[in-house]
Amino acid sequence: MKVVVPKEFFADERRVALVPETVAKLVKQGFEVRVQAGAGVEAYFPDALYQEAGAALASDPAALYAEADVVLKIQQLDVHPATGRHEAEMLREDAALISFLEPLSQPAVMDRLAARRITSFSMDAIPRTTTAQRMDALSSMATVAGYAAVLIGAAALPRFVPMLVTAAGTIAPARVFVLGAGIAGLQAIATARRMGAVVEAYDVRLAAKEEVESLGARFVSAADLTSADMQDAGGYAKEQSAEFLQKVKDMLKDRVKNSDLIVTTARIPGARPPLLVTEDAVREMKPGSVIVDLAADMGGNCECTEAGKLVLKHGVNVYGLVNPASRMPLHASQMYSRNIANFLVHLSEKDGSRLKLDFEDEIARESCITHGGEVRHRRTRERVEAWRQKQGGAR
Ligand code: NAD
């Protein structure tokens, strides 16, 4: 089976879907791997390493897409800058595709994939169960994001992070406050603790309290603002009322004021991230403080956040980080590569000769977006049907 890895072309994307280490494993197993020349260069994996690992290199993306049995990517599909054609049209009919497809926000593209009988899987739809942990790229990328956020924030601080005892006297450690203690938040806490900061964190889910405390940070909350009820069956936070969020903002105000670095990671599946840090609260912070907002791509947790930008507001530097994993492309690519290869192997015959699709299998069933001319993924299908209706029933 021909597995193709194109060069990502999304703005500021430096990661690559497969790194040479994983290519070697797949080739050994029987997969035929083709990589677009230069695909790994921005993640510091030169072409020569792919050749050593047993991949064939090719420079023409149109030919690569056309011959692929499976295309492995990271970013959602778009018009390819080299061909001027949409990637959904460049794939050959009946081919397979694995990527972060953002299916719920891309109904037109999902409709096109179904019409062209592409078998597509979205990495963000893989169930977050224990058996699928090896394939969980959401967790891998959140780990990179949490780590990168603290380093970026620490580098922007006009002060030390750890406590220092020097001939010039004792320097107090920085106070770091992490909002949202999921995968990214916990990594941010661990990283800030390793740097010597005094760390506090808040989450609405009660389960997060123990995890925060096990990392040596202080869990901050108030009556009813953290509870077991706030967590859904999948382990995610439930959507919160405006009244609840107002109480959270009031509770956080003093903590925000006394923090040197705030990392925000709060998200709710399928909804806008909660607004937790108001402009009024930012105004009260010490000049030179820093906020790194990891929810910036969806609107942000801070009122001052601008996606993809660094803004100075009331003396506070506010980073609206978008695609933070791409800022550490080497390890982000390595982790993604292991996740996507584990997933590909899970979906394939042992000798890598072809896909063996078994929709009795939870991982394949839940992550498959289109197959056999249909949109199989329920929530995506609803979005596609609504989109089709809007188009006046076209197709
Ligand atoms: P996420 O990125 O959706 O959200 C980040 C965090 O924001 C969550 O902890 C959420 O509770 C928090 N949050 C939401 N609203 C908030 C608010 N108003 N104030 C403060 N915090 C708020 O979540 P994630 O990091 O992808 O993971 C969330 C959960 O899923 C965790 O419990 C995690 O352990 C679980 N998970 C389990 C597995 C597994 O293998 N079983 C894998 C991955 C994640």
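If you're wondering where the values come from, they're calculated on a predicted model, not measured in any experiment. Just follow the structure's listing: the first ligand is 1, and inside any ligand the first atom is 1. Along the sequence shown, the residues carry numbers beginning at 1.
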What residue and atom, counting heavy atoms only, is the protein's closest point to [atom], and at what distance?
| atom | answer |
| --- | --- |
| atom 35 (C) of ligand 1 | Gly235 O, 4.5 Å |
| atom 3 (O) of ligand 1 | Tyr236 CD2, 3.5 Å |
| atom 32 (O) of ligand 1 | Arg205 NH1, 2.8 Å |
| atom 22 (C) of ligand 1 | Ala266 CB, 3.5 Å |
| atom 36 (N) of ligand 1 | Ile183 CD1, 4.6 Å |
| atom 8 (C) of ligand 1 | Asp203 OD2, 3.5 Å |
| atom 38 (C) of ligand 1 | Arg128 O, 3.6 Å |
| atom 5 (C) of ligand 1 | Thr265 O, 3.3 Å |

For [X] and ligand 1, does the shortest N/O to N/O distance drop below 3.5 Å?
| X | answer |
| --- | --- |
| Arg267 | yes |
| Gln240 | yes |
| Leu276 | no |
| Ser139 | no |
| Thr130 | no |

Once you restrict to heavy atoms under 4.0 Å, what part of [X] touches ligand 1? Side chain, backbone, both or neither.
| X | answer |
| --- | --- |
| Leu245 | side chain |
| Ala181 | backbone |
| Asp136 | side chain |

Is there side-chain contact between [X] and [Y], with at least one heavy-atom pair below 4.5 Å?
| X | Y | answer |
| --- | --- | --- |
| Leu357 | Phe121 | yes |
| Ile126 | Asn339 | no |
| Glu279 | His314 | yes |

Notebook entry, point to check: Is Leu138 in contact with ligand 1, taking contact as a heavy-atom separation below 4.0 Å?
Noted result: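 Checking ligand 1 against Leu138, which is what was asked, there is no heavy-atom contact under 4.0 Å.
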
Short N-O contact, [X] and [Y], less than 4.0 angstrom:
| X | Y | answer |
| --- | --- | --- |
| Arg338 | Glu21 | yes |
| Lys238 | Asp232 | no |
| Arg354 | Glu349 | yes |
| Arg267 | Asp297 | yes |

Margin query: Suppose the criterion is ring-ring contact (aromatic ring centres under 6.0 Å, His included): which pairs have a residue in residues 87-115, not counting sequence neighbours?
Written below: Phe100-Tyr336

Notebook entry, point to check: Just which atoms of ligand 1 are under 4.0 Å from any heavy atom in Gln133?
Noted result: 40 (O)

Margin query: As an exercise, identify every atom of ligand 1 less than 4.0 angstrom from a heavy atom of Pro274.
Written below: 15 (N), 16 (C), 17 (C), 18 (N)

Check: For the rings on Phe359 and His371, is their centre-to-centre separation under 6.0 Å?
Finding: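 Yes - the distance between ring centres of Phe359 and His371 falls below the 6.0 Å cut-off.
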
Report, one line per pair, each donor and acceptor closer than 3.5 Å where one atom sits in a side chain of residues 167-191; sequence neighbours left out.
from   : atom 1 : to     : atom 2 : distance (Å)
Gln187 : OE1    : Thr191 : OG1    : 3.2
Thr191 : OG1    : Gln187 : O      : 2.7

Next item on the list: Name the option, out of Ala142, Gly180, Gly185, that contains the heavy atom nearest to atom 21 (N) of ligand 1.
Entry: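 It is Gly180 that holds the nearest heavy atom.
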
Next item on the list: Write down the atom of Ala295, the atom of Ala266, and the distance for their closest heavy-atom approach.
Entry: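 Answer, listing the atom of Ala295 first, then Ala266: CB-O, 3.8 Å.
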
